[in-house]
Each structure stands twice: as structure tokens, then as C-alpha cells.
Amino acid sequence: MRRLVTILMGVLLCLGAGSQPQESVDSTQLRMDSLMRELQEAKLREMVMRDALDKSGETARQDSIRKAEQRQRIDSLRKITPGVPLVIDTDTLMHIYVSLGGEDAVHRVSEIQRKVMQIGKSLSLTTDSMHIFESEFTADIMCGEQVVMRVSDLDGLWSGLTRHELAEQTMRVLALEIDKLHAEYGLKAKLQGVAWAVLLIVIQVLLFVLTARFIRHLRRQIVRGLNGKIRPLVIKGYELLNVHQAKRILLILTRMLQVLLVVVQLFISLPLLFSIFPETEKFTWNMINYVWLPMRDMVMAIINYFPNLVKIAVIIYFVNWMLKGIRYVTNEIEAGRLKIEGFYQDWAEPTYHIVRIFVVAFTLVVIWPWLPGSESGIFKGVSIFVAALFSLGSTTTIGNLISGIIITYMRPFLVGDFVRIGDREGVVVEKNAFITRLQDIKGNIVTVPNNSILSQQTVNYTAALRHGEGTIVHSDFTFTYVVPRQTIEEYLLEATGRCTLLLKDPAPFVLVTALEDFYTRYEINAYTKDTERLFEVYSEMHKHIIDVFREHKLNPTSSHFVSVKENKDY
């Protein structure tokens, strides 16, 4: 600018050096004024431009300093901030750290994943090309007309790249991932998968048909006897299985073989079928795990439980031999070969069962901590539930059990005794821990709970036979005072003497049991050993008493008077 001013001044001086008219001088003066104004304007613009340049340089320096400070802060934050990974189909492509457009990093990643998966799984033969569209604040990665991802300056700072460099790098990665997804999920892949699936189904159907034909052929051969190869199974002269039974067992085994072959084929073909399509591939491994993991866990549990199993087996082995020893002693007592003073033979069997219950209970307490799952809450809950159910629902059963034990050691009757329990009479045919069974005179089996036996009166007619005298049978009769006592006693003893089921020794006897206002009550008593036939004994005695009285024209009665004809006979 200074050089321009110098040149203009030199030109003006040269022009004014010669003599010129007054008009020329005036025009020259005007031009000089104009040039001076332009010169001043040029100086002003120079000053404005210098000020603008100074300000822009200062701004650039401040921006550079600010970006350097941001980069330092981001480098320090990157060490403690993991970022949100962008994962597409198990592949981690990059990490996003910052928000953009009101969306945080998590929502940005979710949206990018959705768009990439949508484009990659689209049922089309080809995918649109990808490019970058630069806007004022972001670099947009486009696939056709769709925005896949937006990259900001902060994204570049977090990655150590410029916005455009990061967009270029990310576009290449996303393009490769979309091509990979399209190769797996595209229309061409779907058509190939359907073809493989149809082929696999056809092969499996053929295997089913061949398996069914093989089983039918095998069953026909078994029915025919395998050309005489099926023979009876004889062990030490005892025919355990005849030919017909052996054929039935073999036919059942062929059915089991068919089911096993079908299951094995399905276990192989179904995972292959589901693994053809990527959408169902995870289901294939889940299905395999459903079968494999329980089997593996079961085998590992057995292997880990083996030491405790050995301990339990050893304890059970010794307890078993101890129970066998107790059983041998009780058998000797029950058979009468071993006698213990004050211990009856019929106590041997129930005593053995009581001792066995206590031994088994003690053994269960010992091995309980070694049982599988004994420490789990479910096992304890089930144990408490079973105990509560047993205690609440078996009150009557426990009462009958305790009553049976008491009856056993009280010995009010034995098996084979003729007894009366309450209003029921019969021979004891069975006596166990819970009930007692009687067979009445008509052959009916009456079941009596042991709990009710203790609350009722029990009469044992057979117990007297073990003392040698027999059981007394008796019957009541009433006669008016008109008939002499000696006559009544004579007739009653005569009637009992005719009975074949009554004993002559000890002799029968008559008791006068009551003296009423108008008659006397007599009771005839006689001994018998046929306690199991008491109904017959009573029937025979009553028949002979009636016959004797009729022979002597005497009519027993419970009324307050007798006929005049009967009175005239005495």
C-alpha cells in the first residue's frame, strides 16, 4: 500500500512540473482529492483486514488449544470409560462413547444394531452400496437412502481420528458385516437351506421306513422261532421260561429296539435340521444341552457321590447281618429250641419286628447326612411335609399299632382261641400289629381293630382249657315256688348227663341265682372242652333240658303264674 502511494505522488509531480492553464490545474486538483480519498479508504480496509486476520488467527489458536485440551481429557477418560460395544451377530465392531442428537450411547448402539440387522437380513439378492454424506455437524454413513450411522467430531476425538476418517473406517467395517449377514440370511441362503431341509427330511423318512421294515422282518423271524434257535430256559431242572414266554419277551425287546432306533435318529436329524437356518441354530444347541447336560450332571453326581455311597453300603451291610442274627435268635425262641424265662414263644415275632424298626430307624439317622440332597431346602421341606402328613393322617393307624403291641405282650388271647370281644364271638384266625380277625360260628371273617379291643371286654373261652378244667357253659331257667327245688335240680342234671359235648368230670352243678316274688331262678352249669363249638354245646344242652322237662310234664316259664293243670300234678 505504501508503494502504491509513492508511485501516485511521483506521477502527480511529473504532470505538474510544466506550465499548464488554470483549468488543467483545477482538474488535476480534483483528481488528487479523489486519489487521496481512495487512498484513505484503502488504508481503512487495510486496517479492517489486519484486525480481522488478527482475530481469526487468535480464534484458530484458541480452537487448537481447546481441541488439544479435549484430546487430553478424552485420553484420560478412555482409560476408565469402557464405552458401549457395537455387537453385530456376536462380532464386536467398535465402541461408542458419546451421545448424539439427544440419544445416549446405549440408544445409539441399539439403533445401529437394528438397522444393520434389518439391512443384512433383508430377503433380496443384492444390497445397496454404502457411501458417506457430509453434513455441517456429522458425517452420515448411508446405505442407499437409509442412514445407518452418524459420526460426530466427538466420536472422532474419542477414536483418535478425524470425523471423516472415522466414518470411512466404520463404513468399511459395517459393509463387511452387512455382506456377511446377507450371505447367511439372504434369499439365496434361505433357498439353499430349504433345499437341504427337504433333503434331510426325505432321508429321515426313508430311515423310518427301513427301520420299520427291519423290525417287522425281525418279529416274523421271532414268531417262526428263529429256525428252531429259541429254546426253553431251564435252570437246574426248573423251566424258567418256555418257548412261548421267550418269544413274547423277544417281541417286547424288538419294540424297545425300534423306539430306541427312532429316538437316536431323531436325536441326530433334528439338530441337523435346525442348524441349517441361522435363526434356529441356537435352538439346536439348546436341544442338545437339554439332553446332554442332565446326563452329564447325573454322571458327575454319581461319581462325586461314590465315596458316600460306599459308606452307606458298608453300614447297610453290617446292619443286615445284625438283623439276620436277631432273626435267627427269634426263630429259635419261636420254635421252642431256645427258652428264656419269662419270655413267651409268641412274643418272638412281634419283638423281632419292633427291634427291626428301631434298628432301621437308627441306621437311617446315621446315613441321613450322606444321602444326596439331604442339606437342600427342598429335601428338608419334603421331609417336614411327609412327617406332618404322617402325624396328622395316621392317628388311628398309630393307635391300632400301639394297641397291637400292648395286646401282644398282655396275651389276652392267642391265635386259635375262641373269644368274645364285645358282642362278637369267634375263633382268632389272625393277629397282627393293626387288626385281629375272628371266624364266627357261621364261617364269617370279622375284622376287629386293635384299638377297639382295649376299650371292650374280652372273654377267652379257650384259656381255661390250658388249665385242664375246660370252659363252663350255663343257662338260666325260672320255675314257680310250687315245684320243689330238688325236682328241678334233678331234672337239669339228668338233661346235662345226656349231652355228649359236656364233661362228666368235673360234674355239672345247679345254682339258685335269685328268689323272685313269684318264681325261683335256677342256673345250670357244666364243663366242656369244645370251646370252638359253643353254639353246638348250648344247642345240645337246651334240647335235652326241654326233652327232660316234657317227659316229666314240666313247663319252665318266666311268668308269674303257671296253669292250674300243672299245679294239680304236684
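For reference, positions follow the sequence shown, starting with 1. Quick note: numbers below take in every heavy atom, side chains included, and nothing from hydrogens, waters or symmetry partners.
- In this structure, Glu177 and Val173 have side chains that are not in contact, with every pair of non-hydrogen atoms separated by 4.5 Å or more.
- Atom-to-atom distance recorded for Gln113:CD and Ile88:CD1 is 5.0 Å, nearest 0.5 angstrom.
- Atom CG of Leu364 is separated from atom CD1 of Ile316 by 9.5 Å, given to the nearest 0.5 angstrom.
- Once rounded to the nearest 0.5 Å, the distance linking OG1 of Thr363 with CG of Leu323 reads 7.0 Å.
- Enclosure of atom CZ in Arg108 by more than 12 non-hydrogen atoms of other residues, nucleotides or ligands within 6.0 angstrom is indicated.
- Judged by distance alone, the side chain of Arg163 and the main-chain N or O of Phe137 form a donor-acceptor pair under 3.5 Å.
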If you apply the rule side chain to side chain contact (heavy atoms under 4.5 Å, CB included), what do you find for Leu199 with Trp196, and how did you get there? CA-CA 5 Å; Leu199 178 61; Trp196 280 110; 3.9 Å; yes
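- For Leu273 against Ala197, the heavy-atom pair with the smallest separation is CD1-CB, 3.6 Å.
- The two atoms that bring Pro85 and Val109 nearest to each other are O-CG1, 3.4 Å, heavy atoms only.
- Panel note: side chain Arg219, backbone Leu251; a donor-acceptor pair is recorded below 3.5 Å.
- In this structure, the separation between CG on Leu253 and CG on Leu260 is 11.5 Å, given to the nearest 0.5 Å.
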As a quick check of understanding, evaluate side chain to side chain contact (heavy atoms under 4.5 Å, CB included) for Trp370 and Val310, giving each step before the final call. CA-CA 10 Å; Trp370 295 328; Val310 172; over 6 Å; no
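- Nearest heavy-atom pair across Ser152 and Leu100 is CB-CD1, 3.9 Å.
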Would Phe318 and Val314 satisfy side chain to side chain contact (heavy atoms under 4.5 Å, CB included), going step by step from the backbone distance to the final call? CA-CA 6 Å; Phe318 282 106; Val314 171; 3.6 Å; yes
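- Heavy atoms from other residues, nucleotides or ligands lying under 6.0 Å from CZ of Arg248 number 12 at most.
- Nearest heavy atom pair, residue Val84 against residue Ala105, reads CG2-CB, 3.7 Å.
- Counting all heavy atoms, side chain and backbone alike, Lys115 lies closest to Val147 at NZ-O, 3.0 Å.
- Note that CZ of Arg327 is 5.0 Å distant from OG1 of Thr330, once rounded to the nearest 0.5 Å.
- Taking CD from Glu168 and CD1 from Ile132, the interatomic distance works out to 3.5 Å, rounded to the nearest 0.5 Å.
- Note on Glu111 versus Arg114: salt bridge recorded, some NZ/NE/NH1/NH2 to OD/OE distance being below 4.0 Å.
- In this structure, His107 places its NE2 atom where only 12 or fewer heavy-atom neighbours from other residues, nucleotides or ligands lie under 6.0 Å away.
- A pairwise comparison of heavy atoms in Ile112 and Val148 identifies CG1-O, 3.8 Å as the closest pair.
- Only one option out of Arg216, Gln265, Gln258 pairs with Thr211 in a side-chain hydrogen bond (donor to acceptor under 3.5 Å, both in side chains); it is Gln265.
- Leu309 is linked by a side chain to side chain contact (heavy atoms under 4.5 Å, CB included) to Tyr305, counting only residues two or more places apart in sequence or in another chain.
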Can Gln146 and Gln118 be said to form a side chain to side chain contact (heavy atoms under 4.5 Å, CB included), step by step? CA-CA 11 Å; Gln146 184 176 4; Gln118 178 183 359; 4.1 Å; yes
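- For the pair Thr170 (side chain) and Ala167 (backbone), a donor-acceptor distance under 3.5 Å is absent.
- Using a 4.5 Å heavy-atom threshold, the side chains of Leu250 and Lys247 count as separate.
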